[in-house]
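Worksheet for the structure shown next.
As a basis for the values below, the full set of heavy atoms in this structure was taken, side chains included, without hydrogen atoms, waters or symmetry mates.
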Amino acid sequence: MLWGIVLPLALTSCKKQQVTETVSNKNHSGTVVKTHADSLMSAALTDEDDKRISVLTDSLSALGELSPIKTNFYKGYVYRLHNDFVHATEYFSRIMEEKNPSAADFKIYLKAGVLLTDFYIDKYENDAALRTAMQLLEKMKTAKGNMYFEKKTLYSNIGICQLRLKREKEAEESFRKASEYTKKLISADDVDHIDLYNGVITYIQIVTAYFDEDKSVESEPWVNLEDSVFQLFKARPEALPSDVDIFKSDILYNRMMIAIHKGDKEQADRYFKEYKTTDYSKKDVGLINSAEYLRLAGRYAEAADNLTCLDAFMHRKNMEIDLEVIDGFLLPKLYTNYMAGRKDSALRVSMQIYDAFGTALTRQKEDETAKLASIYDTEGKERRIAEQQVEISHQRVIGLTMVIIFLTVAFIVYTLIRRRAAARLAEVKTAQERIESELRIARDIQMSMVPSVFPEREGLDMYGSMTPAKEVGGDLYGYLMLGDKLYFAVGDVSGKGVPASLFMAQATRLFLTLAKQGMMPAEICTRMNDALSGDDNESGMFVTFWLGLLDLTTGHLDFCNAGHNPPILGTPADLPEGEGAGGDFLQMESNAPIGLWPDLEYVGESFETIKGRPLFIYTDGLNEAENPQLVRFGDSHLLDILRHTVFVSARQIIELLESEVETHRAGAKPNDDLTMMCLYVS
C-alpha cells in the first residue's frame, strides 16, 4: 500500500498534465484546426491556473466558442487540480456519454477518458475502469492517428484491473500490449525525452500493480524493461537530474524488494546500499519506502528510524488520517516500532490509531454517501452499480475494522505473554539446533559408509559420487576387491531422509558381508532379499540394486539387476577418436527390487568382456532430475551427452554429468538423491 500510494504521486503529480498534453499533440493526426479559444485554454492548462481556467471556460462557453465536450472537460479539470475527484469524475463521465465525438473534440474526449480510467484505478473501481477503457479502445479503432500514448496507458490500466481481479494471464497479455505501444512511442522518429519519461512511467505503473498484489517477484521482467527505457531517458541531455535520480531509486528499490522476497538477502543488501546513494532515498518519501525493505530484512531499528519522519510528512502533505492511511502507514509503523523494542513509540502510534479511527470511519461513510449522491444526480441508470460499489466499500471498511481490532488485541496479548513465548522460542530453537546437529552427524556417518577412495590398480579407472537430496538419503554405492575380482554395486532405497538412510545402511552391510564370501551377484541379491523382506520389514521399504562382479584380468562381467535403472555401456575404445563414450543401455533380465517379497530366486547374467568400454551406473535422481517447469533430465538426454563425450577418465564423466544436471535444474531443489558410478578396464 505504501509503495502504491507514495511513488506514483511523487513521480506524476508535477508532470502528468504537461506530459499528457505534449504526447497527445504528437500522436493525434488528422485535420483539426486549433481555434483561438483552444489556444487560450491550452495556455491556462499549461500554467495549471485554476481560476483562469474557470473564468475562460464560463466566458468562452457562453459565447459558443467551446463545445459541450470541451466545456465539461475544463470544468472537470479544475476539480482535478483541487483533488476533488468525485466532481471531476462527474464531468468526465458526461463526456463519455457522447457516442460520436467530432474530430475537433476527439482529442479532449480521449484525454478525459484516459484521466477517468486513472481516477477509477485510484479508487479501486475496477469494473468502471475496464468499461471506460474498452469504450475508448473501441472508439480509437476508427480514429486517425497512432495514439500510442493513450493506447499504452489504457492497456496498462486494463492490466492493473485484471491483476486485481486475479486474472493474471489476461493481465499479462494487457501489459504486453501496453509494452508494445510503449516501444512504438519511444522508437518514433521524433521521440523526445517526454516520450521516454512516459515510457518509464508505464513500467513503473505495471511494477507497482504487481507489488500491490504481493507479486513482486513476478514483476522482475517489467523492472528490466523499466531499466532499459530509463537508460535511454538518462542519456537525453534534456532529462532533469531530479527525474533521473527518482527513476534510478525506483529501479533499485524494485530490485532489492524482489531479491528479499526471493530470499537472496546478500543481493538485496547490495541493491539497498546503492539505493541509499540516491538523493531520493534521503527524502522522507524515500525513507518511508525503504522502511518496508528494512522490516522484511529484520532490521527493525533502522526501519523505525526511517519512519520517524512519517508524522511530519503527513502534515506537510495535509494528509487526513483515513482508513487507507491507517492501513498503509500507521499500522506498519506500529508493527516496526514494536518489533524494534520501542514499546513507548508503539504505544503512541496505537493511541494515534485509536484517536483517528472513529473519525476515519465516519469520513469514509460520508465520502461514500457523497459519491453515491453524485452518481444519482448525474447517472440515474447507474443506481444499481453505485449501490453495489458502496456495498463493496462497506465490506472493505468492515474488513479493515476487524483487522485493526485484531491487531490491537494481538498487541496486548503478545505483550502479556512475551516472556513465556520467548522462553518457549528458546526451547524450540535449542531443540531445532540439536536435531540439525544430529542430522549433520548422521550425514557424516552415512557418507563414511560409501567409498571416497577408489582402487589404484593398473588398467582400472573407477570413480563414484553420492549427493543426498536431504541431510541424509537412501542411495548407496560400494565396492570390494578380492584379488583380481571386483564387486561393485549401486542402489536406491525407496523414499528419502532418515528412514531411507537406515535401510541403506542395512543393504550396504549385507552387500559387503555376502561379497566377502565370494558369492555370485544373483546369489547375493537372493540372500539380501531374504534378509530385508518379510515380517521384519514392517515399513514396506525396498531397494533397487545393480550388482556386478568384474574379472579385472579378462574383463568378464557377471551381474544381477534388481529392478534398477539399466547401466550404459560405452563403445569399444578402438573406435576412431571422436566416437565418444556413448553406446547404449544394457539389456538385462527383469528382477524385482530387493525387500518387496520373500523367497524370490534372482536371475544373474554375464557379459563376455567390457574391456575398453566405459560402464556407467546411476540412480533415478539423474534421469528424473526436474527443472522449475517440472521437465525431467530424461534418458535420451543422458544418452546423447555420453554419446558425444570423449572418454578421458571415470571422474571426468561423473563431474560432467553433475554439471549438466545442475544446469538443467536451473535453481530448482533436488527432487531425489543422486548417485553415479563409472568404471573402465583397459
Side-chain angles (χ1 to χ4, degrees), residues 5-28 32 34-62 65-96 105-123 149-150 153 157 192-202 204-205 233 238-243 246-247 280 283 285 313 316-320:
I5 292 173
V6 176
L7 187 63
L9 288 175
L11 289 175
T12 60
S13 61
C14 65
K15 285 198 171 185
K16 189 168 186 178
Q17 195 277 332
Q18 175 196 351
V19 172
T20 303
E21 177 69 20
T22 303
V23 176
S24 295
N25 282 337
K26 288 177 58 178
N27 289 320
H28 284 292
V32 177
K34 191 168 185 179
T35 65
H36 179 63
D38 292 331
S39 299
L40 291 173
M41 296 306 304
S42 179
L45 287 175
T46 301
D47 295 338
E48 294 196 340
D49 187 335
D50 57 330
K51 293 182 179 179
R52 183 150 55 106
I53 294 172
S54 295
V55 171
L56 285 172
T57 300
D58 292 339
S59 300
L60 294 172
S61 179
E65 295 292 327
L66 294 179
S67 67
I69 285 180
K70 291 180 178 178
T71 299
N72 283 320
F73 177 82
Y74 297 133
K75 288 184 176 181
Y77 201 85
V78 170
Y79 283 114
R80 176 185 179 274
L81 292 176
H82 289 282
N83 294 323
D84 185 347
F85 297 113
V86 172
H87 287 92
T89 299
E90 174 186 341
Y91 282 103
F92 291 159
S93 296
R94 292 178 185 176
I95 296 173
M96 291 298 99
D105 285 340
F106 189 76
K107 173 182 168 183
I108 292 293
Y109 171 87
L110 196 54
K111 185 183 294 187
V114 171
L115 289 174
L116 192 57
T117 61
D118 288 339
F119 296 164
Y120 287 142
I121 291 289
D122 290 341
K123 293 297 182 180
F149 173 81
E150 289 79 5
T153 304
N157 285 346
D192 59 22
H193 75 289
I194 299 296
D195 296 320
L196 295 169
Y197 178 95
N198 274 289
V200 179
I201 291 293
T202 299
I204 287 177
Q205 291 169 336
F233 173 77
E238 311 96 318
L240 297 177
S242 58
D243 290 336
I246 290 175
F247 287 156
Y280 179 82
K283 298 177 181 178
V285 179
F313 169 76
R316 182 166 55 82
K317 293 292 185 179
N318 295 319
M319 294 175 64
E320 296 180 343

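- You'll find the side chain of Tyr79 stays beyond 4.5 Å of the side chain of His82, heavy atoms only.
- Lys283 pairs by the side chain to side chain contact (heavy atoms under 4.5 Å, CB included) definition with nothing, not counting sequence neighbours.
- For the side-chain hydrogen bond (donor to acceptor under 3.5 Å, both in side chains) test, residues two or more places apart in sequence or in another chain that qualify with Ser67 are Asp105.
- Contact annotation: the side chain of Phe73 approaches that of Leu115 to within less than 4.5 Å [non-hydrogen atoms, C-beta and beyond].
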Full working for side chain to side chain contact (heavy atoms under 4.5 Å, CB included) between Ile108 and Tyr74 = CA-CA 9 Å; Ile108 292 293; Tyr74 297 133; 4.2 Å; yes
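- Between the NZ atom in Lys107 and the CD atom in Glu150 there is a gap of 9.5 Å [rounded to 0.5 Å].
- Using a 4.5 Å heavy-atom cutoff, the side chains of Leu81 and Ile53 are in contact.
- With sequence neighbours excluded, no residue forms a side-chain hydrogen bond (donor to acceptor under 3.5 Å, both in side chains) with Thr153.
- Taking CD1 of Ile95 as the start and CG of Leu116 as the end, the distance is 9.0 Å to the nearest 0.5 Å.
- If you take CZ on Arg52 and CG on Asp47, they are separated by 4.5 Å, rounding to the nearest 0.5 Å.
- Asp50 meets the salt bridge (Lys or Arg N to Asp or Glu O under 4.0 Å) test with no other residue; sequence neighbours excluded.
- Once rounded to the nearest 0.5 Å, the distance linking CG of Asn157 with CG of Asp118 reads 5.0 Å.
- Gly76 and Ala88 get closest at one heavy-atom pair: O-CB, 3.4 Å.
- For Asn72, the side-chain hydrogen bond (donor to acceptor under 3.5 Å, both in side chains) test picks out no residue, with sequence neighbours left out.
- Nearest heavy atoms, Tyr109 versus Ile69: N-CG2, 4.2 Å.
- When all heavy atoms of Leu56 and Leu40 are compared, the closest pair comes out as CD1-O, 3.9 Å.
- In plain terms, the two heavy atoms of Tyr120 and Ser93 that are nearest each other are OH-OG, 3.6 Å.
- Phe85 pairs by the ring pair (Phe, Tyr, Trp, His ring centres under 6.0 Å) definition with Phe119, not counting sequence neighbours.
- The side-chain hydrogen bond (donor to acceptor under 3.5 Å, both in side chains) test applied to Asp84 returns His87, not counting sequence neighbours.
- Asp243 is listed as a side-chain neighbour of Phe233, based on a closest heavy-atom distance under 4.5 Å.
- Closest approach of Asp58 to Lys75, counting heavy atoms only: OD1-CE, 3.9 Å.
- When ring centroids are compared, Phe247 and Tyr197 come within the 6.0 Å threshold.
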